[in-house]
Participant: 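Pasting in a structure now, in structure tokens, and then I'll have a few things to ask.
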Protein chains: 2
Amino acid sequence: MEGHLSDGLVEVGPNGRERYYDSSGYGRPDGAGVRLAPVEAAYLLARGDLDAVDGMGLEAFLADTPDLVVPFLVYRDLRERGFYVSPALEGWVADHAGIDFVVHPRGDGPWDGTVAYRVRVVDERGSVRLDSLGDVVLAVVDEESELTYLETDRPAVDGTSGLEADLTADGVLLEDRVLCWDAPPALYEQGFYGQRMDREDGPLQLSLLEAAHLAATGVLSVAGGAAAVEARGRDAEGERFDRRLTVYRTLRERGVVPKTGFKFGADFRTYADVDSVSELGHSELLVRVLPADATLSPRDVALDVRLAHGVRKRMVFALVDDGDEIRWVSVSRLTP
Amino acid sequence: MEGHLSDGLVEVGPNGRERYYDSSGYGRPDGAGVRLAPVEAAYLLARGDLDAVDGMGLEAFLADTPDLVVPFLVYRDLRERGFYVSPALEGWVADHAGIDFVVHPRGDGPWDGTVAYRVRVVDERGSVRLDSLGDVVLAVVDEESELTYLETDRPAVDGTSGLEADLTADGVLLEDRVLCWDAPPALYEQGFYGQRMDREDGPLQLSLLEAAHLAATGVLSVAGGAAAVEARGRDAEGERFDRRLTVYRTLRERGVVPKTGFKFGADFRTYADVDSVSELGHSELLVRVLPADATLSPRDVALDVRLAHGVRKRMVFALVDDGDEIRWVSVSRLTP
């Protein structure tokens with residue numbers, strides 16, 4: 001059969017409906033004919049299931065509409081994994097904004113109205129606004145036309161960690177850390193605050209974030225109080241310190257212990273259920289703190305996700321707005 | 001014994017030489033006495049091997065010289081790993097510029113003039129100019145005062161990959177890729193250029209870097225030639241494309257196959273010895289391309305190195321200057 005372009009769609013008629021829509025979920029019915037999205041027509045050309053579009057084969061059709069190549073690669077890959085895929089055109093799927101395709105659950109078709117994945121196609125060289133994520137799958141096409149799927153979610157972040165006793169400690173601010181020369185052992189052992197300079201005794205070293213939180217909650221006494229610690233943090237990191245402190249506090253309030261994620265290139269690694277440091281489990285999350293309107297390149301997102309996966313943790317972005325509200329977005333690899 | 005500060009050093013006399021220098025490699029002799037660097041004095045105070053410096057114990061001594069804390073943490077760690085360590089003061093060690101400590105080989109002391117590691121102390125919040133690396137070990141102190149050692153080197157980058165036959169192919173530039181609808185199979189199979197759209201047949205998809213190189217070397221015919229492909233690359237990436245192309249070409253000229261490192265957050269992964277794609281081995285390097293004067297945060301370096309280690313590859317930075325000269329710097333984790 002042959003199709004022809006009309007109003008941005010490819011019409012195949014008069015009897016295309018049965019062959020393309022009814023039996024295989026391509027396009028949308030138009031009487032006894034069918035209207036195909038260009039990406040569907042390209043795929044049908046590639047398979048030899050459509051002979052031409054206005055006389056063009058695949059090579060000419062792609063050359064005629066060069067911005068079709070990237071979505072075509074994704075559509076083709078999803079189809080060849082055995083899914084029916086609906087282009088996210090207005091009137092074709094619900095909530096079509098911000099996505100390119102709806103992937104239907106295996107065995108379902110466009111007539112079922114069901115959704116397995118909502119897919120947004122992203123070029124490797126593009127950028128991704130993180131707060132637009134949470135209910136979409138990113139299909140990233142790299143410069144060699146290989147595909148990576150990244151699933152995004154809005155995770156609940158909470159735990160059961162916390163200090164039981166009322167503790168107090170004195171500290172001295174030394175550059176970017178606070179040393180407590182006589183800290184109560186439970187501060188470290190139960191609360192997992194700080195790092196011992198020697199394994200058993202010696203001073204407890206608190207990071208500026210830990211010290212600022214402990215000073216603000218009345219545990220730590222330090223010259224100048226929490227304000228002095230926060231001022232030092234701002235000197236070192238600017239607004240980033242405030243964002244990190246907001247996330248640090250929120251995690252602590254939710255019963256999650258944040259420790260530095262430096263070795264993983266993140267702001268924090270987190271422990272949801274700390275009873276005692278001597279029985280510490282595996283940390284579950286890697287948290288990267290960013291402003292609410294942050295964008296990242298797909299390359300940077302892929303790097304974070306790959307690393308987190310390699311160390312069996314979940315990658316979570318904590319997006320902090322001007323009102324100290326946090327939006328949590330997790331990203332992980334997906335094999336559809 | 002007690003010491004006192006004089007000209008930025010701590011003098012212990014009149015008979016400190018035997019106890020501190022001769023038997024344990026601290027400081028430098030000064031007649032029958034010894035002169036210690038402040039960091040050595042702090043460590044001796046911490047061990048109880050020195051009673052006081054001008055009446056100060058460790059807590060007061062650190063509070064008096066707060067910028068000593070970070071080097072102290074590194075010095076202490078290296079000493080406790082069983083090394084003799086010389087502070088890199090002028091006249092104390094050769095080539096003291098750009099480093100903080102010389103670590104002597106196990107069993108050797110400062111009197112041997114031997115070197116195991118040249119160590120530069122870096123705060124997590126600092127930045128590292130990459131072209132200053134290659135013969136130093138970075139000791140990074142993170143915000144929780146934990147240490148990470150990163151060894152740097154200037155690796156030779158070469159291999160045995162290459163095309164044997166004279167090949168030619170025609171391509172069509174489509175957005176950020178070139179499609180070759182009838183490429184000779186050896187271009188992919190032997191040269192590992194491009195990516196097949198289907199496993200066995202179908203067009204070969206070349207990245208802009210691959211296409212620019214193949215067009216410039218006379219293999220690929222494309223409308224507008226190499227210049228058209230390069231112009232497209234510059235549209236997409238600016239100067240970064242030129243830097244990446246310089247590195248791509250150099251790698252190919254040295255017999256190394258660069259493929260995209262997207263999944264690892266790098267510019268390239270590389271294969272030194274490709275005979276045939278069907279017998280492809282493990283890629284050896286992850287390459288990140290940066291301008292010659294690039295600086296990175298220790299956090300970013302740690303992230304790259306961690307990821308490379310996790311996938312059993314070596315992390316290499318390719319630093320490209322305005323004259324297209326490349327300096328290669330590798331970074332890897334070190335346990336001293």
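Below, read A as the first sequence line, B as the second, and so on, with proteins coming before strands; counting in each chain starts at 1. Just so it is clear, the model here is predicted, and its values are computed rather than measured. Any value given below was found using the heavy atoms of this structure, including those in side chains, with hydrogens, waters and symmetry copies removed.
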Participant: For residues 61-70 of chain A, which residue pairs qualify under side chain to side chain donor-acceptor pair (under 3.5 Å), counting only residues two or more places apart or in two chains?
Facilitator: none
Participant: Between A/L174, A/L179, A/L68, who has the most heavy-atom pairs with chain B when the cutoff is under 4.5 Å?
Facilitator: A/L174
Participant: For A/L58, which atoms come within 4.5 Å of any heavy atom of chain B: side chain, backbone, both, or neither?
Facilitator: both
Participant: B/L206, B/L208, B/L73: which one forms the most heavy-atom pairs within less than 4.5 Å of chain A?
Facilitator: B/L73
Participant: Under a 4.5 Å heavy-atom cut-off, does chain B meet the side chain of A/P298, its backbone, both or neither?
Facilitator: both
Participant: So what's closer than 4.5 Å to chain A heavy atoms on B/V140: side chain, backbone, both or neither?
Facilitator: side chain
Participant: Under the side chain to side chain donor-acceptor pair (under 3.5 Å) test, which residues partner B/R240, sequence neighbours left out?
Facilitator: B/E237, B/D267
Participant: Between A/R177 and B/E144, is there a side-chain heavy-atom distance shorter than 4.5 Å?
Facilitator: no
Participant: Tell me, side chain or backbone of A/Y193 under 4.5 Å from chain B's heavy atoms, or both, or neither?
Facilitator: neither
Participant: Would a 4.5 Å heavy-atom cut-off, applied to side chains only, mark A/F72 and B/M197 as touching?
Facilitator: yes
Participant: With a 4.0 Å cut-off on N to O distance, would you call A/K263 and B/D142 a salt bridge?
Facilitator: no
Participant: Please classify the contact of A/L147 with chain B as side chain, backbone, both or neither, using a heavy-atom distance under 4.5 Å.
Facilitator: backbone
Participant: So which part of A/L173 gets closer than 4.5 Å to some heavy atom of chain B, the side chain, the backbone, both or neither?
Facilitator: neither
Participant: Just so I understand: if I count every heavy-atom pair under 4.5 Å between each of A/S297, A/S145, A/G310, A/A46 and chain B, which residue has the most?
Facilitator: A/S145
Participant: Find the one option among B/R333, B/E143, B/E210 whose heavy-atom pairs under 4.5 Å with chain A are most numerous.
Facilitator: B/E143
